[in-house]
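What you see is a predicted model; the values in this text were computed from it and never measured. Chain letters run A, B, ... following the sequence lines, proteins first, then strands; residues in each count from 1.
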Amino acid sequence: MASQDAENHYETGWGWAKIDWVYNEYMWIWVWLAVLTVVEVFIPEPEIFGALFEMILPAVGPVESLTTWLYELEFNRTFVVVSLIVLALVKTWLVAWYYMHLISEKPSIILVACAPFVFSVFLTVGIFPWQTTFGI
Amino acid sequence: MSAQDGSVMEGPGPGEESLGVTNGKIGMWTFLVMDAMTFAGILAGYARLRWTPDSMWPFPIDAFGVIGIQLTALNTFILICSSVAMVHVLAEQMRGNMDRAEKWLMATIGGGLIFLGIQAFEWTHLIIDKFHLLMDAGYNQNFPATFYLLTGFHGMHVAVGVIYNTIILMAIRRGRVTKDHTSTVEIAGLYWHFVDLIWILVFTFVYLI
């Protein structure tokens, strides 16, 4: 996890807010988390971006067609649910792996950290309404 | 190992570690695992109620509106920024720059306070203007109940995290936490990142699905 920032500028750091943005892994994770959050909001409700563009951009030709397209865009419900769960799991993994330092932790701690995930899977499978949803 | 790998810089003394990990860190991880299971139970209960056929569960856009989801997405971003600020607290402490560590910690606390402020505003708006209309429209009463349980329980964690970080900030200012006490800051960071991690799940389940 050593960044060039820490190695080359150990005492002072450099760049905006004394962060080496290019070589600092944490900042890249932060960028990924922000981008994934935007994607997460876009998938279920594209019209939110339509409303946003309408608010911040002037209603001229191409922008108007973009906002109209965003208002009309709708993804399949199954795709929305599955993709949102996958995106949320990716984001939680990024936080746990890099920010909570699981990447450099001992295997015993990683195993302990995985316990709630296993518990969640069992719990979800156990209490899912199989009978009423799939008739099984 | 680099300074950012999460290891403590000073060696633990006799009886201060188990399985090669400091007792403080094991204690925090044990607590977090227990807490995560509590959240898992509440989220699974939410999902069970949500997926019940004919549950009359409102879609998030109907319940919160466009502005509500935009505001909560902003709140999510603020918490992510607060989390990365906490990472810099530890990084600067390991460099020995306690002044900058202090500033990053203030940014972390500020992020937590802004998050709580926006959540309080949202709750007020939903209580006064929104949820009673949903109930009148015949939507499931479990929706507001589970919403307040999930976001309230998480908000309580954020409030505790803000207090925890404030105590660490005061300890840094008084010189009780120095560049040699990285373990103290790392453990506080674990809690703060956990709060961020849980919000990612709550945001997805409650505001997006």
For the [atom1] atom on [X], are there more than 12 heavy atoms of other groups (residues, nucleotides or ligands in this structure) within a distance under 6.0 Å?
{"X": "F42(A)", "atom1": "CZ", "value": "yes"}
{"X": "F75(A)", "atom1": "CZ", "value": "yes"}
{"X": "M106(B)", "atom1": "CE", "value": "no"}
{"X": "D129(B)", "atom1": "CG", "value": "yes"}
{"X": "F31(B)", "atom1": "CZ", "value": "yes"}

How far does [atom1] of [X] sit from [atom2] of [Y], to the nearest 0.5 angstrom?
{"X": "I109(A)", "Y": "W29(B)", "atom1": "CD1", "atom2": "CH2", "result": "7.0 Å"}
{"X": "I29(A)", "Y": "S83(B)", "atom1": "CD1", "atom2": "OG", "result": "11.5 Å"}
{"X": "E105(A)", "Y": "K25(B)", "atom1": "CD", "atom2": "NZ", "result": "3.5 Å"}

Closest approach of [X] and [Y], non-hydrogen atoms and distance?
{"X": "I200(B)", "Y": "K91(A)", "answer": "CG2-CB, 3.7 Å"}
{"X": "T204(B)", "Y": "A88(A)", "answer": "OG1-CB, 3.5 Å"}
{"X": "V33(B)", "Y": "A115(A)", "answer": "CG1-CB, 4.4 Å"}
{"X": "H193(B)", "Y": "Y99(A)", "answer": "CD2-O, 3.2 Å"}

Flag the one option from [options] with the top tally of heavy-atom pairs under 4.5 Å to chain B.
{"options": "L87(A), V38(A), T124(A), L123(A)", "answer": "L123(A)"}
{"options": "T92(A), V81(A), V95(A)", "answer": "T92(A)"}
{"options": "I48(A), L94(A), V80(A)", "answer": "I48(A)"}

### Task
Could you please spell out the steps behind the side-chain contact (heavy atoms from CB on, under 4.5 Å) verdict for M100(A) and Y191(B)?
CA-CA 9 Å; M100(A) 297 175 85; Y191(B) 179 83; over 6 Å; no

Determine the option with the most heavy-atom pairs under 4.5 angstrom with chain A, choosing from [options].
{"options": "T52(B), I80(B), T76(B), V84(B)", "result": "V84(B)"}
{"options": "I61(B), L32(B), L190(B), D35(B)", "result": "I61(B)"}
{"options": "I67(B), T72(B), D196(B), I209(B)", "result": "I209(B)"}

### Query
Any donor and acceptor pair, going by atom type alone, linking the side chain of E40(A) with main-chain N or O of L208(B) inside 3.5 Å?
no

### Task
Using modelled atom types only, decide if a donor and an acceptor are shared between the side chain of R48(B) and the backbone of F128(A) within a distance under 3.5 Å.
no

### Query
Taking the side chain as C-beta and beyond, is there a heavy-atom pair between M27(A) and H88(B) under 4.5 Å?
yes

### Task
Compare all side-chain heavy atoms of V41(A) with those of Q70(B) and state whether any distance is below 4.5 angstrom.
no

### Query
Side chain, backbone, both or neither: which part of F203(B) has an atom under 4.5 Å from a heavy atom of chain A?
side chain

### Message
So for Y207(B), is it side chain, backbone, both, or neither that comes closer than 4.5 Å to the heavy atoms of chain A?
### Response
neither

### Query
Which answer fits L84(A), side chain, backbone, both or neither, if we ask what part of it has an atom under 4.5 Å from a heavy atom of chain B?
both

